[in-house]
There are 2 protein chains.
Amino acid sequence: MATIAQIQDMALFRGLTAEQLQELASIVVEKTFRRGQTIFREGEEGKGFYVVGFGKVKIYKLSRDGKEQILHIFGPGEPFAEVPVFAGQCYPANAEALEESRLWFIPRVGFIELIRRQPSLALNMLAVLSRRLRQLAALVEDLSLKEVPARLAAYLLYTADQKGSLEFDLDIPKTQLANLLGTTPETLSRLLSRFAKEGFIESSGPKITLLDKKGLQALAAGLRRLPA
Amino acid sequence: MATIAQIQDMALFRGLTAEQLQELASIVVEKTFRRGQTIFREGEEGKGFYVVGFGKVKIYKLSRDGKEQILHIFGPGEPFAEVPVFAGQCYPANAEALEESRLWFIPRVGFIELIRRQPSLALNMLAVLSRRLRQLAALVEDLSLKEVPARLAAYLLYTADQKGSLEFDLDIPKTQLANLLGTTPETLSRLLSRFAKEGFIESSGPKITLLDKKGLQALAAGLRRLPA
DNA sequence: CGGAAGATTGATCAGTTTCAAGCTCCGTGG
DNA sequence: CCACGGAGCTTGAAACTGATCAATCTTCCG
C-alpha cells in the first residue's frame with residue numbers, strides 16, 4: 001500500500017481522478033530489494049508490473065554461458081515489466097536490483113480494471129510502451145550498426161547531458177556499464193584509456209571529465225575513428 | 001476507405017461494435033506501394049499507423065555508411081508504426097515495401113478518439129505493443145549474445161514451423177535475410193554451405209530442406225558449435 | 001589487516017567483415 | 001532466338017574488431 005501523494009507524482013498516473021488514485025493506492029504492494037537481489041527471472045509468470053520508488057533496477061538477458069546484455073536500467077518513477085500484463089504472461093527478461101531499492105508492485109487484475117474505466121490511463125500506458133519500443137530500437141541499432149567506441153562515446157555524452165555537467169561520476173559499476181554497452185569489462189577499460197590518451201576525456205575511477213565534446217560526438221556518429 | 005469485413009478480421013480490432021467498425025472504416029485510407037518503394041523514413045513525422053492488407057513490409061535502421069538492420073518484417077493483418085501515434089511523433093525507423101503491397105493507413109486523431117471510447121481497443125493495442133517489445137528484446141538477445149550460426153539455425157527452424165514443412169522456400173531474398181540476421185550476404189552464403197556440408201540442411205537457391213532438426217536446435221541454443 | 005570484488009593490462013585467438021573477383025539466373029532488346 | 005547486361009549470389013584471401021584467458025593491481029569494507 002502506497003500513499004496517494006507518491007503515486008500521483010508519476011507521469012503514468014497523470015489524469016486519474018482522486019477516487020481512482022485512491023483505488024490504485026489500495027491495490028499497490030510495496031516491496032524492497034537489496035543490492036544484487038533478483039526481482040524476477042525470464043520465463044516466470046508475471047502477475048503485475050512494478051514502479052521504482054527509489055533505487056535502481058536492471059533488466060537483462062542472459063546467454064547460456066552467463067554473458068549478460070542489459071536492456072534497460074530504471075530509476076525512480078519509472079515503470080517496468082508491463083509486457084506480461086498485456087501479452088503472454090511470463091517475463092521476457094530478468095530483473096535485478098542494482099542497489100537497495102523500494103518498488104511498488106501493481107497487480108495485473110486490478111490494474112486492467114482501472115484501465116477499462118479510465119482511457120487516459122490506457123493512453124499513458126501506450127505512451128510508456130511506445131517510448132520503450134523506441135529505446136529498444138535504438139539499442140538494436142547501436143549493437144548492430146555501431147562499434148563499441150561509438151556506443152561508449154554516445155553513453156558518455158548522454159550521461160553528461162543528464163547530469164548537466166562535463167564532470168560526473170558513473171552511477172553504475174564499470175562491469176554493468178560494459179554489459180549495457182554490449183561488451184566486456186576488459187574492452188571498456190581499454191577504451192577508456194584510449195579515450196583519455198587521445199584527449200577526449202579524463203578519467204579516474206568512476207569519475208569522468210569530458211574534454212572534447214565535439215570529438216566524442218564525431219566518434220558517436222561514426223564520423224571519426226579511434227587510432228589504434 | 002476499407003470494407004468492414006476486411007477490418008473486423010484483424011485481431012487488433014476484435015471487440016469493436018458494428019458502429020465503431022463503421023466509424024473506423026470511414027477514417028481508414030488505402031495506400032498501395034510497389035516493391036522497393038519507401039513508405040516512410042526515420043525522423044519523419046508520423047500522422048498515423050498502418051495495417052498490412054497484402055504484401056510484405058520491412059522496418060529497418062540504417063547506419064551512416066548504408067548498412068542495414070531489419071527490425072521487423074510484417075505481413076497481412078499486422079499493424080506497424082504505432083509508436084509515433086502514442087509517443088513522440090516521428091517514426092523511429094524506416095519502412096519499405098518488400099513487394100507490391102496494399103496498406104491501410106489509420107490517422108492518429110480519429111484513432112485516439114476511438115480508443116478513448118472503447119477500452120477493449122486500448123487493451124488490444126497494449127497487447128500488440130507488448131508483443132512487439134518481446135520480439136525486440138529477443139532480437140537484442142540474438143544480436144548481442146548469440147553468434148550468427150545460432151541465429152540462422154533459429155530462423156530456419158522458425159520458418160519451417162511457420163510453413164508447416166521441413167521443405168520450404170525462403171520468402172525473402174537472401175540479402176534481406178542477411179540484414180535481418182544482422183550479418184552480410186557473404187557470411188550468410190558461407191553459412192548455408194557449411195550447414196549443408198555438415199548435413200543439417202539441403203539448399204538450392206531459395207529452396208531449403210531441413211535434414212537434421214535436432215542438430216539445428218542444438219546450434220540455435222548454442223549447445224553445438226559448427227566445425228570450421 | 002585480510003580478503004574479496006572490481007578494474008586494469010598484456011598476449012592470443014576466433015568470428016565476422018571487407019574487398020575483390022567470378023558466377024548464375026533472367027529479363028530485355030537487337 | 002540469342003546475346004547482352006545487371007542484380008543477386010557465391011567464393012577466396014586478407015584485415016580487423018572485440019573476446020578470451022591469465023595475471024596483476026586496486027579498492028574498500030569487515
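In what follows, every chain begins at residue 1, and chains take the letters A, B, ... in the order their sequences are listed. For clarity, every value in this text was computed on a predicted model and none was experimentally measured.
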N-O pairing of A:Asp169 and A:Lys163 below 4.0 Å: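 Salt bridge between A:Asp169 and A:Lys163, a charged N being under 4.0 Å from a carboxylate O: no.
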Can you tell whether the side chains of A:Arg34 and A:Glu100 come within less than 4.0 Å, N to carboxylate O? no
For nucleotides 25-28 of chain C, which of its nitrogen or oxygen atoms have a protein nitrogen or oxygen under 3.5 Å away, and what is each distance?
none

List the atom pairs, donor and acceptor, that lie under 3.5 Å between side-chain atoms in residues 218-228 of chain A and the rest of the protein, sequence neighbours left out.
unit_1: A:Arg225; atom_1: NH1; unit_2: A:Glu147; atom_2: OE1; d: 3.2
unit_1: A:Arg225; atom_1: NH1; unit_2: A:Glu147; atom_2: OE2; d: 3.1

Mind checking which nucleotides bracket the chain B contacts on DNA chain D, 5' to 3', with an atom under 4.0 Å from a heavy atom?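 Listing 5' to 3', DNA chain D meets chain B from D:dC9 to D:dA13.
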Flag, side chain of [X] to backbone of [Y], donor-acceptor distance under 3.5 Å:
X: A:Ser130; Y: A:Leu126; value: yes
X: A:Thr38; Y: A:Phe40; value: no
X: B:Lys174; Y: B:Gly205; value: yes
X: B:Gln69; Y: B:Asn179; value: yes

With respect to the phosphate group of C:dA7, does any side-chain polar atom (N or O) of A:Thr175 fall under 4.0 Å of OP1 or OP2?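 Checking A:Thr175 against C:dA7: at least one side-chain N or O falls below 4.0 Å of OP1 or OP2.
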Summarise protein proximity over nucleotides 13-19 of chain C in one line of letters, 5' to 3': B for base, S for sugar-phosphate only, - for none, counting protein heavy atoms closer than 4.0 Å. --SSBBB
ring-ring contact (aromatic ring centres under 6.0 Å, His included) contacts in which one or both residues fall within residues 129-178 of chain A, not counting sequence neighbours: none
Show me the donor-acceptor pairs, under 3.5 Å and distance only, between side chains in residues 48-58 of chain B and residues at least two apart or in other chains.
unit_1: B:Lys58; atom_1: NZ; unit_2: B:Glu68; atom_2: OE1; d: 3.4
unit_1: B:Lys58; atom_1: NZ; unit_2: B:Glu68; atom_2: OE2; d: 2.7
unit_1: B:Lys58; atom_1: NZ; unit_2: B:Gln176; atom_2: OE1; d: 2.9

May I have the distance from A:Gln176 (atom CD) to C:dA5 (atom P), rounded to whole angstrom? 14 Å
Nearest non-hydrogen partners of B:Lys146 and B:Arg151, listed with the distance: O-NH2, 3.2 Å
